[in-house]
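This is a predicted model, so every value here is computed, not measured.
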Protein chains: 2
Amino acid sequence: MDAKEILKQHIAKTATLTDEQFDYLFSHFKAQSYKKGQVVISEGDKVDNEYFVISGCLKAFFINDEIKMYILQFAMPTWWTSDYGALYNHTRATISIDCITDAEVLCLSNHDREKICNELHQAEHFFRWRTNRGYLASQKRLLSFMNNDTKARYEELLSLYPQLYNLVPKHLIAAYLGVSRETLSRLYHAHK
Amino acid sequence: MDAKEILKQHIAKTATLTDEQFDYLFSHFKAQSYKKGQVVISEGDKVDNEYFVISGCLKAFFINDEIKMYILQFAMPTWWTSDYGALYNHTRATISIDCITDAEVLCLSNHDREKICNELHQAEHFFRWRTNRGYLASQKRLLSFMNNDTKARYEELLSLYPQLYNLVPKHLIAAYLGVSRETLSRLYHAHK
DNA sequence: GTGCCTACGTGATGTATATCACATTCTGCA
DNA sequence: TGCAGAATGTGATATACATCACGTAGGCAC
């Protein structure tokens with residue numbers, strides 16, 4: 001299945017577009033390939049695009065003053081990613097994004113998204129629901145952070161995304177869970 | 001300023017509606033008054049409405065198996081609140097909402113929101129941006145949780161909402177920060 | 001193959017915070 | 001006004017986790 005078809009089916013779950021409308025929408029996306037390790041958005045950058053993942057795995061992360069990294073999102077196929085704070089508010093990036101594996105994405109500029117949302121009611125409908133789901137996921141993760149200990153969050157992550165365990169190095173999983181790599185290692189080996 | 005005018009100005013910041021369109025939108029809201037301590041949504045309830053706060057302060061919270069409470073949101077005037085997971089997915093409430101002070105709200109049913117979004121492109125635009133902002137706030141709080149210690153999060157909360165300090169009991173602030181009330185008390189008295 | 005860099009494991013130690021227990025102060029209201 | 005319950009302060013102890021230090025194993029360049 002090619003990128004266009006993947007996006008089409010993804011959107012069809014939420015919004016009803018004619019083929020012509022989808023073709024018009026799709027004409028604003030730009031395909032892009034990245035190699036493992038390549039940087040998509042770097043802290044301080046001007047942010048113009050958001051990215052729809054076709055294949056591979058990216059990470060969106062924040063680096064604090066003590067050079068500690070926190071991972072906000074592992075972006076897998078059919079996920080959207082960007083520094084949305086910077087994108088929506090036209091500020092410089094505080095979040096960086098790079099590729100954990102080789103990856104193919106479709107880029108959509110902020111300007112074009114707003115233009116299309118304005119032109120096509122159903123596109124606006126789609127993007128409203130996409131954000132709804134992101135909001136719910138974010139709130140769920142926040143609750144999990146407050147309520148569960150590290151071990152429970154680790155098991156929750158792996159049961160949700162079993163492919164992550166073999167795909168990404170453990171210190172990145174630790175950075176997602178917000179614990180040190182040492183603690184994660186001990187947790188993993190402690191219980192059988 | 002009455003409830004209708006407050007909602008009108010709130011929406012006008014994001015979307016352009018004619019007076020007729022706004023009147024039509026507003027006709028779907030239902031005004032409601034609550035007393036301090038009154039429950040709006042209780043865990044296990046069927047959730048049909050979301051709430052736009054006109055006056056007062058509500059809290060949206062989660063109670064875990066060990067009867068510990070975590071506060072997801074203090075809902076202040078011009079904020080929206082509900083158990084959005086239950087509302088969007090038509091499941092039973094896992095989040096409860098009650099009133100910290102006497103409060104006035106405008107209720108909007110999920111059914112009516114979707115109907116209006118379908119009928120009025122600008123309404124869909126408004127709700128997309130409302131959720132965008134909620135998503136960004138949630139992500140920011142998640143990052144703050146991972147990156148900052150309790151004291152920094154406490155100061156961040158009070159600098160963002162100074163009125164909270166006198167409005168809500170400290171054990172609720174602790175439940176928002178995700179620490180015990182004892183720790184919050186010690187933190188507060190430790191530094192000067 | 002040699003050497004280097006990255007990932008990963010593991011022990012020792014320090015620290016922030018939870019938890020339990022109890023004292024004190026505040027507040028609504030009968 | 002006085003009282004009960006809620007809110008808050010504070011000490012003692014336990015614990016999860018960070019941090020530092022060091023060791024090992026695997027992949028890749030040359």
Practice prompt. Report which part of the nucleic acid B:G37 touches: base, sugar-phosphate, or nothing (heavy-atom distance under 4.0 Å, all strands).
Written response: nothing
Discussion item. Tell me the closest heavy-atom pair linking B:A103 and B:C99, and the distance in Å.
Written reply: CB-SG, 4.3 Å
Practice prompt. Would you verify whether the NZ or CZ of A:K140 falls within 45 degrees of the ring axis of A:F145 while also being under 6.0 Å from that six-membered ring's centre?
Written response: no
Item to complete: Write down the distance between NZ (B:K36) and P (D:dA6), rounded to a whole number of angstrom.
Response: 12 Å
Discussion item. Five pairs per end, C1' atoms only: what is the angle between the end axes of the helix from C:dG1-D:dC30 to C:dA30-D:dT1, to 10 degrees?
Written reply: 40°
Worksheet entry | Candidates C:dT17, D:dA18, C:dT19 - which lies nearest the side chain of B:T150 | C:dT17
Worksheet item: What's the verdict on side chain to side chain contact (heavy atoms under 4.5 Å, CB included) for B:L58 and B:V105, showing C-alpha distance, side-chain angles and the deciding distance?
Response: CA-CA 10 Å; B:L58 295 78; B:V105 303; 4.3 Å; yes
Item to complete: Check the distance between C:dA16's P and B:Y154's OH and give it to me in whole angstrom.
Response: 18 Å
Worksheet item: Between atom NZ in B:K35 and atom C1' in C:dG28, what is the gap in whole Å?
Response: 15 Å
Item to complete: Measure the NE2-CZ distance between B:H10 and B:F52 for me, rounded to the nearest 0.5 Å.
Response: 4.5 Å
Worksheet item: Roughly how many Å is it from CE in B:M146 to P in D:dC17, rounded to a whole number?
Response: 16 Å
Discussion item. Could you check whether A:R128 and A:T14, counting side-chain N and O atoms only, form a donor-acceptor pair closer than 3.5 Å?
Written reply: no
Discussion item. Enumerate the ring-ring contact (aromatic ring centres under 6.0 Å, His included) contacts for residues 53-72 of chain A, please, sequence neighbours excluded, ordered by first and then second residue.
Written reply: none
Worksheet item: How is A:K68 classified with respect to the nucleic acid when contacts are heavy atoms under 4.0 Å: base, sugar-phosphate, or nothing?
Response: sugar-phosphate
Worksheet item: At their closest point, which heavy atom of B:L72 faces which heavy atom of B:R141, and how far apart are they?
Response: O-NH1, 2.6 Å
Worksheet item: How does protein contact run along nucleotides 5-11 of chain C, one letter per nucleotide 5' to 3', with B for base contact, S for sugar-phosphate only, - for none, heavy atoms under 4.0 Å?
Response: --SBBBB
